Amino acid sequence: MKLAEFFSSQPSQLWELAKQMNVNYAVGGLPWEEKTEKPWDLMPLIRMKQRYADHGLTLLVIESMPPSNHIKLGTPGRDEEIENFQKFILNMGVAGIPVLCYNFMAQFNWFRTSTTTRTRGGALVSSYDHSLMKDAPLTEAGIVTEEQLWENLHYFMERIVPVAEEAKVKLALHPDDPPITPIRGVSRILRSADALQRAIDLVPSPYNGITLCQGTMATAGEDIPSVIRRFADQDKLFFVHFRDVRGNQEKFEETFHDDGKTNMLEAMKTYYQVGFSGPARPDHVPTMAGETNENPGYELLGRLYGIGYINGLMEAASAG
């Protein structure tokens with residue numbers, strides 16, 4: 001396993017601290033701050049990759065995507081968005097960035113009803129309570145059915161997977177978070193390991209696989225070691241979000257890495273047993289004492305705790 005962290009596209013304190021904790025691999029977003037070119041153009045990607053490299057960090061994953069809501073909804077403009085997506089993947093290939101983590105969540109990405117739920121010691125985490133959303137108004141997209149989303153995903157994959165094969169970029173599909181449907185009239189289709197399997201089977205390819213977000217799959221009630229084995233055995237496990245939760249689809253909250261419902265040591269041992277050698281990062285960490293919670297799930301101290309905990313698990317798992 002290659003322990004990575006999500007970094008801003010410009011140097012920050014986290015870059016220094018991560019190196020001090022022996023993190024050598026980067027997950028990046030798109031370099032939106034470069035105003036003269038699109039962030040998915042070749043040179044912004046190359047410059048971002050080189051900034052990481054000059055700091056001793058190897059960029060393995062981009063966890064972001066060009067605008068794609070028309071793609072997901074199947075509305076006018078989706079072909080233009082797909083064209084940008086194709087250029088993006090080709091440019092990733094030229095730049096030597098091997099994995100793209102993307103999602104198919106329409107209208108909104110990961111979704112929570114609170115980012116100030118108190119957990120151990122008063123730390124703040126995000127949480128979701130579906131009872132608060134059952135009478136929520138529709139979005140401007142209106143009713144979006146599961147059938148529409150499956151059709152739109154197939155349309156998208158037919159046009160994007162061949163490009164990924166040409167570029168040799170692995171497409172790592174992230175499950176829907178939270179894994180419940182619908183939310184404000186918008187369906188969520190990637191709510192289980194079976195759904196992820198169905199999705200990547202739409203257009204079979206060695207470059208069409210998944211991001212295993214442990215927190216989302218645990219929320220869905222999946223057995224994490226079984227999910228790891230299922231996709232690793234197919235060589236479809238491209239990227240891992242190593243995190244945990246407490247609760248279920250209807251009501252859950254994030255946790256410290258050592259305070260959720262998953263046996264994290266067993267999970268880590270399973271990665272080693274199946275020979276997983278791809279990137280993994282901590283995700284959605286608690287906001288700890290003294291932090292502002294301006295960036296819920298991604299403040300600094302919780303990341304340091306998560307990285308240290310995962311390092312310890314990796315050492316324990318590698319020892320057999």
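Because the structure is a prediction, the values reported are computed rather than measured. Positions are given from 1 along the sequence.
Here the CD1 atom belonging to Ile310 is positioned 12.0 Å from the CZ atom belonging to Arg243, to the nearest 0.5 angstrom. The distance from atom OG of Ser114 to atom CD of Glu253, rounded to the nearest 0.5 Å, is 9.5 Å. Here Glu81 contributes atom CD and Arg78 contributes atom CZ; the two are 10.5 Å apart, rounded to the nearest 0.5 Å. Between the CG atom in Leu90 and the CH2 atom in Trp40 there is a gap of 14.5 Å [rounded to 0.5 Å]. Distance check: Tyr305 OH to Phe256 CZ gives 6.5 Å after rounding to the nearest 0.5 Å. Atom CD1 of Ile97 sits about 9.0 Å away from atom CG of Asn91, to the nearest 0.5 Å.
Aromatic rings of His154 and Phe156 (six-membered ring for Trp) have centroids beyond the 6.0 Å cut-off, not under it.
Side-chain N or O atoms of Glu166 include none that pairs as donor or acceptor with a backbone N or O of Pro162 at under 3.5 Å. Formation of a donor-acceptor pair under 3.5 Å by the Ser8 side chain with backbone atoms of Gln10 is found in this model. With Glu16 contributing its side chain and Ser12 its backbone, the two residues share no donor-acceptor pair below 3.5 Å. Remark: side-chain polar atoms of Asp283 are not paired, donor with acceptor, to backbone N or O of His241 under 3.5 angstrom. For Arg281 (side chain) and Val27 (main-chain N/O), no donor-acceptor pair under 3.5 Å exists by modelled atom type. A donor-acceptor pair is defined here as one N or O able to donate and one able to accept, closer than 3.5 Å; such a pair exists between the side chain of Lys49 and the backbone of Gly96. Using a distance-only test at 3.5 Å, with no hydrogens or angles considered, no donor-acceptor pair links the side chain of Asn152 to the main chain of Tyr155. A donor-acceptor pair under 3.5 Å is absent between the side-chain atoms of Tyr25 and the main chain of Gly278, judged by distance alone. Side chain of Thr211 to main chain of Ala172: a donor-acceptor pair is present (N/O by atom type, distance under 3.5 Å, no hydrogens or angles). A donor-acceptor pair under 3.5 Å is formed between the side chain of Asn208 and the backbone N or O of Val203.
Under the 30°/60° scheme for interplanar angles, the aromatic rings of Phe242 and Tyr271 are found to be tilted. Relative ring orientation between Tyr102 and Phe85 is described as perpendicular, the plane-to-plane angle rising above 60° on a 0-90° scale split at 30° and 60°. In this pair, His284 and Tyr298 present their aromatic rings perpendicular. The plane angle is above 60°, beyond the 30 to 60° band. The aromatic rings of Phe108 and Phe111 are tilted relative to each other, their planes meeting at an angle between 30° and 60°.
Remark: Glu158 CD is packed, more than 12 non-hydrogen atoms of other residues, nucleotides or ligands lying under 6.0 Å away. At most 12 non-hydrogen atoms from other residues, nucleotides or ligands lie less than 6.0 angstrom from NZ of Lys168. Counting non-hydrogen atoms of neighbouring residues, nucleotides and ligands closer than 6.0 angstrom, the CZ atom of Arg118 reaches no more than 12 such neighbours. Heavy-atom contacts from other residues, nucleotides or ligands closer than 6.0 Å to CD of Glu315 number 12 or fewer.
Side-chain contact of Asn69 with Gln107: a donor-acceptor pair under 3.5 Å is present, judged by distance alone. There is a side-chain donor-acceptor pair under 3.5 Å between Gln50 and Asp54. Under the 3.5 Å distance criterion, with hydrogens and angles disregarded, no donor-acceptor pair is assigned to the side chains of Asp244 and Thr255. Side-chain contact annotation: Asp223 with Ser226, donor-acceptor N/O pair under 3.5 Å present. Side-chain polar atoms of Asn103 and Lys72 form a donor-acceptor pair below 3.5 angstrom.
A salt bridge links Arg112 with Asp177: the distance from a Lys NZ or Arg NE/NH1/NH2 to an Asp or Glu carboxylate oxygen falls below 4.0 Å. Ion pairing between Asp41 and Lys87 fails under the 4.0 Å rule for side-chain N and carboxylate O. Classification of Glu254 and Lys261 as a salt-bridged pair fails, no side-chain N sitting under 4.0 Å from a carboxylate O. Looking at Lys134 and Asp129, no side-chain N of the basic residue comes within less than 4.0 Å of a carboxylate O on the acidic one, giving no salt bridge. The residues Glu146 and Arg191 are annotated as salt-bridged, a charged nitrogen and a carboxylate oxygen being separated by less than 4.0 angstrom. Under 4.0 Å is where a charged nitrogen must lie from a carboxylate oxygen, and between Lys170 and Glu165 no such pair does.
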Apply side-chain hydrogen bond (donor to acceptor under 3.5 Å, both in side chains) to the pair Ser9 and Glu33, showing each step before the final yes or no. CA-CA 9 Å; Ser9 59; Glu33 73 280 357; 2.9 Å; yes
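The two residues Ala316 and Leu265 have their closest heavy-atom pair at CB-CD1, 4.0 Å. Nearest heavy atom pair, residue Phe239 against residue Pro279, reads CD1-O, 3.3 Å. Taking every heavy atom of both residues into account, Thr287 and Gly297 meet most closely at OG1-N, 4.4 Å. When all heavy atoms of Ala317 and Met268 are compared, the pair lying nearest together is CB-CG, 3.6 Å.
Following chains of ILVMFWY side-chain contacts shorter than 4.5 Å, one cannot reach Val61 starting from Leu171, and the two form parts of different hydrophobic clusters. Tyr309 and Val23 fall within the same hydrophobic cluster, where Ile, Leu, Val, Met, Phe, Trp and Tyr residues are linked whenever their side-chain heavy atoms come under 4.5 Å apart, directly or through other members. Note on Leu153 and Leu100: same hydrophobic cluster, where clusters join Ile, Leu, Val, Met, Phe, Trp and Tyr whose side-chain heavy atoms are under 4.5 Å apart, directly or indirectly. Under the 4.5 Å side-chain heavy-atom criterion for ILVMFWY residues, a single connected hydrophobic cluster contains both Met157 and Phe88. A chain of hydrophobic side-chain contacts below 4.5 Å, direct or via other Ile, Leu, Val, Met, Phe, Trp or Tyr residues, connects Phe276 to Met314.
Residue Leu138 is found in a hydrophobic cluster whose other members, listed by chain and number, are Ile143; membership requires side-chain heavy atoms under 4.5 Å apart, directly or through intermediates.
For the pair Arg51 and Trp15, the cation does not sit on the ring face, since its NZ or CZ is not both under 6.0 Å from the ring centre and inside 45° of the axis.
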